[in-house]
Asks: 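The structure's right below; bear with me while I get my questions together.
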Amino acid sequence: MDITHILDGLNDRQRDAVTAPIGNLLVVAGAGSGKTRVLVHRIAWLVEAEGASPGGILAVTFTNKAAAEMRGRVERLLEGPARAMWVGTFHGIAHRLLRMHWADAGLPQNFQILDADDQLRLVKRVMRALDLDEQKWPARQAVWFINHHKDEGRRAKDLPRNDADIYHVTHLKVYEAYEELCAQGGLVDFAELLLRSHELWLERPDILDHYQRRFKHLLVDEFQDTNSIQYAWLRVLAGTSADVWAVGDDDQSIYGWRGAKIENILSFRKDFADVQTVRLEQNYRSTSTILRAANALIDNNAERLGKNLWTDAGDGDPILVYSGYNDLDEARFIADRTQSWIQRGGSADDVAVLYRSNAQSRVIEEAFLRLDIPYRIYGGLRFFERAEVRNALAYMRLISQRHADVAFERVVNTPPRGIGAKTVEAIRNIARANGVSMWQAAKEGIARGLFTGRAAAAIGAFLKLIDDMAGNVKDCALHEIAECCIETSGLMAYHSRERGEQGIARRENLEELITACRQFGGELVLPLTPTGEEAGQASELEEFLDKAALDAGEYQSGGTAAQMMTLHSAKGLEFPLVFMAGMEEGLFPNRQTEREPGRLEEERRLAYVGITRAMQQLYFTYAETRRLHGSQSHNWPSRFLQEVPEDCLQEVRMGGDVSRQFRTLHNGADDEADQDEAGVRIGQFVTHATFGEGVVLQAEGHGDRTRVQVNFSRAGAKWLMLAYANLKTVGD
DNA sequence: GTGGCCTCTCTTTTT
DNA sequence: GAGAGGCCAC
């Protein structure tokens, strides 16, 4: 068979990785070194050169997007569908396994996936039942505790019961109660998917054996992002019979906060037999200036496997640094530069604006709107996470399974229909007392006259509503079911009654959901393509609901547009023009991470990921003052800027009228004055301006030395101010 | 039971 | 600045 097409265009190292003899291999692949390409070609190599059966290949990634792309590229390379191959996310594959082996895994056949929001609600309820003060015991922390231990493979029973630590003991109680509730309701959260399928391996050697016989080649993408349970799962599955081919980059490990273990890369070499290592260090993406910056920055991290990216590409332009006087100015600058990129013949598609936190996107979005530049925002609230969409899904869930308590609680009084907290509480109690679902409890409660007249009528109407809907949509297509739920339940009317833009947006989202349902059957993008023997029994409706939980619906329709996203979601992507916005201490590196050990290095890796997204031109921008959480804050430029070699950088000065130099102006001593003063050098004559809320800045030009008075409207302001020359822009 | 208004807190990243 | 929860009038 002619296999040259698999090797064409690969460099030597890449070929080494693709054609490595069957056996365990670790590919340490730097940013932009063709990682995905190599992985895809490896699969093709296995099939065409090694004669591997596609059904014996399992490829795991972390995001649905990556999985879909991988499958697409493999199929293009092999020139045909590879249905028998398993390609998916860890969660998706675990889910598939549990759907097929539900009984062996100790789950009810119709177990439901609990997404992050459901989980939080459930934990809150557990904590309320345990009489824990919500102020003192934030539910989020309990959720973190639970997930953290599950990610490490520990159930409540595996944890020490009598610990001196009240924090531990209390959370353990919550964990236990939560586990019990999940078991009763047949609920499986994200971490549980992994944990349980790992346990399935351990407890059912026959099933493990079946899959070990089947999967001979395991490929793992983004290996640095695996957590303990994923690693363990993989190790057990591989056993001694399969080879593992893993690609990763320790410098791009940015998910330590949710349990990812870079150490897995090191453990891999210890735990698996004869692991060969291939390094991909030639970068095909960026200019050498950009690479030099990235290398210098990441060199500040102590814990690294060590690797140095290099490129044949020329220097390219320096990285441009812009210091906005506030976040609005920063945003406007980014939009301006994007516009001129487009005017010079570039495409909006080429441009990405990256930031540390989603909250930063708004001002940038507004700046793009003002200039009429098309843009697309990734992240934030995803489609399937929006309240109105979740409400509609809950109705669909109830139609499919009446005993789905999570869904029941969610919509029993949404839209409001006279079933208040008290009544719901009563239903819950009946359910708990009798060990039945809330649906059943509501029914029995009515029959036995346990509710007041008004409540009984309201509940009865709700039960009937659901039953009627279910009857009406029996033979309907998925999108008709959705439509029926949205209309008949009164959700559409309820949400569109909401005032302002919000109501309009909700309405549109509900319509969008109907569209999504309509398209669902067509291009079924399941985490795994089931083969005939394995296809589950689930109805289309149930499959859709699973998908909604597992794949938050990263939703974007076509059209060229500049992209805005967090640094985290930019991993794996590349753009000719990249802006990294908000390069400020406190924001990036993020203040929250200061205290936790090791987190600064992770922030730095995040910066490394950001820088290496850029192909031709990179901008760092920051704002000297920024509105954050509703109030003004002043931040120093990020330390990461100083970690980049100075000769890679060039400061942008706006027009001729800006020349700015700033100093800490200081001040401190209360007795000094009610006016803060300091000498600030600004190149040019400046008069005065206002900016921010009631803050007046006055300056008088004396050539190079200008005396600036900073009057804060707030008493006792103790900080310093920065001086701006471009004052005509102030306050807009 | 509902809806409006108040205050409070919490601000990261997401399969 | 937004979302959640508490409180009060209807």
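A note on names: the letters A, B, ... follow the listed sequences, proteins ahead of strands, and every chain is numbered from 1.
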Asks: Look at the side-chain N and O atoms of A:Arg627 and state whether any lies under 4.0 Å from the OP1 or OP2 oxygen of C:dG1.
Replies: yes
Asks: Identify whether any heavy atom of A:Ile419 sits under 4.0 Å from a base atom; if not, whether one sits that close to sugar-phosphate; answer base, sugar-phosphate or nothing.
Replies: sugar-phosphate
Asks: Check the distance between B:dT9's P and A:Gln141's CD and give it to me in whole angstrom.
Replies: 15 Å
Asks: Salt bridge between A:Arg506 and A:Glu512, side-chain N to carboxylate O under 4.0 Å?
Replies: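 Salt bridge absent between A:Arg506 and A:Glu512.
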Asks: Could you check whether the side chain of A:Arg356 and the base of B:dT13 have a donor-acceptor pair of N or O atoms closer than 3.5 Å, going by distance alone?
Replies: yes
Asks: When all nucleic acid strands are considered with a 4.0 Å heavy-atom cut-off, which category describes A:Tyr255: base, sugar-phosphate, or nothing?
Replies: sugar-phosphate
Asks: Rounded to whole angstroms, how far apart are CG on A:Asn413 and P on B:dG1?
Replies: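 Atom CG in A:Asn413 sits about 9 Å away from atom P in B:dG1.
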Asks: Phosphate oxygens OP1/OP2 of B:dT12: is one of them under 4.0 Å from a side-chain N or O of A:Thr566?
Replies: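 Negative; the distance criterion is not met.
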Asks: Measure CG/A:Asp115 against C1'/B:dT15 and give the value in whole Å, please.
Replies: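 Distance check: A:Asp115 CG to B:dT15 C1' gives 11 Å.
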Asks: Side chain to side chain contact (heavy atoms under 4.5 Å, CB included) with A:Tyr355: which of A:Leu567, A:Ile364, A:Thr621?
Replies: A:Ile364
Asks: When all nucleic acid strands are considered with a 4.0 Å heavy-atom cut-off, which category describes A:Phe62: base, sugar-phosphate, or nothing?
Replies: sugar-phosphate
Asks: So which protein N/O to nucleotides 2-9 of chain C N/O distances come out below 3.5 Å?
Replies:
| unit_1 | atom_1 | unit_2 | atom_2 | d |
| --- | --- | --- | --- | --- |
| C:dA2 | OP1 | A:Arg362 | NH1 | 3.3 |

Asks: Return the residues of residues 144-155 of chain A meeting this criterion: a heavy atom under 4.0 Å from some atom of DNA chain B. Order them by number, or give none.
Replies: none
Asks: Give the ring-plane orientation class for A:Tyr167 versus A:His171, where under 30° counts as parallel, over 60° as perpendicular and anything between as tilted.
Replies: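 Answer is perpendicular, since the angle exceeds 60°.
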Asks: Between B:dT2, B:dT13, B:dT15, which one does the side chain of A:Ser357 approach most closely?
Replies: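 Taking heavy atoms from C-beta onward, the closest nucleotide is B:dT13.
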Asks: What distance separates A:His198 NE2 from A:Leu234 CG, expressed to the nearest 0.5 Å?
Replies: 10.5 Å
Asks: Given 3.5 Å as the limit, does a donor-acceptor pair link the side chain of A:Thr89 with the main chain of A:Gly92, or not?
Replies: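 Here the side-chain-to-backbone pair exists.
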Asks: In dot-bracket, 5' to 3', how would DNA chain B read with Watson-Crick or G-U wobble pairs under 3.5 Å, [ ] for crossing ones and | for pairs to another strand?
Replies: ||||||||||.....
Asks: Looking across every strand, which nucleic acid part, if any, lies under 4.0 Å from A:Asp225 by heavy atom: base, sugar-phosphate, or nothing?
Replies: nothing
Asks: On the six-membered ring of A:Tyr608, is A:Arg605 placed so that its NZ or CZ lies under 6.0 angstrom from the centre and within 45° of the ring axis?
Replies: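 That pair does not qualify as a cation-pi contact.
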Asks: If you check every side-chain atom of A:Arg599, which of B:dT15, B:dT2, B:dT12 has the closest atom?
Replies: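 Of all the options, the side chain of A:Arg599 is nearest to B:dT12.
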Asks: Rounded to whole angstroms, how far apart are CZ on A:Arg591 and P on B:dT13?
Replies: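 The answer, rounded to whole Å, is 15 Å.
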Asks: Please compare A:Arg454 and A:Asn590 by the position of their nearest nucleotide in DNA chain B and report the one closer to 5'.
Replies: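 Its nucleotide being nearer the 5' end, the pick is A:Arg454.
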Asks: With rounding to the nearest 0.5 Å, note down the distance linking CG in A:Leu237 to CG in A:Leu58.
Replies: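 Nearest 0.5 Å value for the CG-CG distance: 6.5 Å.
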Asks: Step through it carefully: locate the ring centre of A:His91, locate the ring centre of A:Phe62, and say whether they are under 6.0 Å apart.
Replies: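 Here the rings of A:Phe62 and A:His91 have centres that are no less than 6.0 Å from each other.
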Asks: With ring centroids as reference points, do A:Trp102 and A:Phe111 lie under 6.0 angstrom apart?
Replies: no
Asks: Students often get this wrong, so: under 4.0 angstrom with heavy atoms, is A:Arg417 touching a base, only sugar-phosphate, or nothing?
Replies: sugar-phosphate
Asks: Under 4.0 Å between a side-chain N or O of A:Asn358 and OP1 or OP2 of B:dT13?
Replies: yes
Asks: In whole angstrom, what separates A:Leu114's CG from B:dT15's P?
Replies: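 These atoms are roughly 16 Å apart.
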Asks: Would you kindly give the CZ-to-P distance between A:Arg140 and B:dT11, to the nearest whole Å?
Replies: 7 Å
Asks: Go through the steps to decide whether A:Leu218 and A:Val60 satisfy the test side-chain contact (heavy atoms from CB on, under 4.5 Å), and finish with yes or no.
Replies: CA-CA 8 Å; A:Leu218 312 182; A:Val60 214; over 6 Å; no
Asks: For residues A:Phe145 and A:Tyr178, establish whether the separation of their ring centroids is below 6.0 Å.
Replies: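 Between A:Tyr178 and A:Phe145, which both carry aromatic rings, the centre distance is not below 6.0 Å.
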Asks: Give the nucleotide from the list B:dG1, B:dT15, B:dT2 with an atom nearest to the side chain of A:Phe190.
Replies: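 Nearest to the side-chain atoms of A:Phe190, counting from C-beta on, is B:dT15.
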Asks: Does the plane of the ring in A:Tyr175 sit parallel, tilted or perpendicular to the ring in A:His149? Use 30° and 60° as the thresholds.
Replies: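 Parallel: the ring planes of A:Tyr175 and A:His149 meet at under 30°.
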Asks: Answer yes or no: does a side-chain N or O of A:Thr61 lie under 4.0 Å from OP1 or OP2 of B:dT15?
Replies: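 A:Thr61 to B:dT15 OP1/OP2: no side-chain N or O under 4.0 Å.
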Asks: Between B:dT11 atom P and A:Asn635 atom CG, what is the distance in whole Å?
Replies: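 Computing the A:Asn635:CG to B:dT11:P distance gives 17 Å.
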Asks: Quick one: on DNA chain B, does A:Glu603 or A:Gly420 contact a more 5' nucleotide (nearest heavy atom)?
Replies: A:Gly420
Asks: Could you tell me the separation between the CG atom of A:Asp327 and the C1' atom of C:dG1, rounded to a whole number of Å?
Replies: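 Result: 13 Å.
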Asks: A:Trp257 on top of B:dT13's base, within under 5.5 Å and under 30°?
Replies: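 So yes, this residue stacks on that base, both cut-offs being met.
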Asks: Crowded around A:Arg454 CZ? As in, over 12 foreign heavy atoms under 6.0 Å?
Replies: no
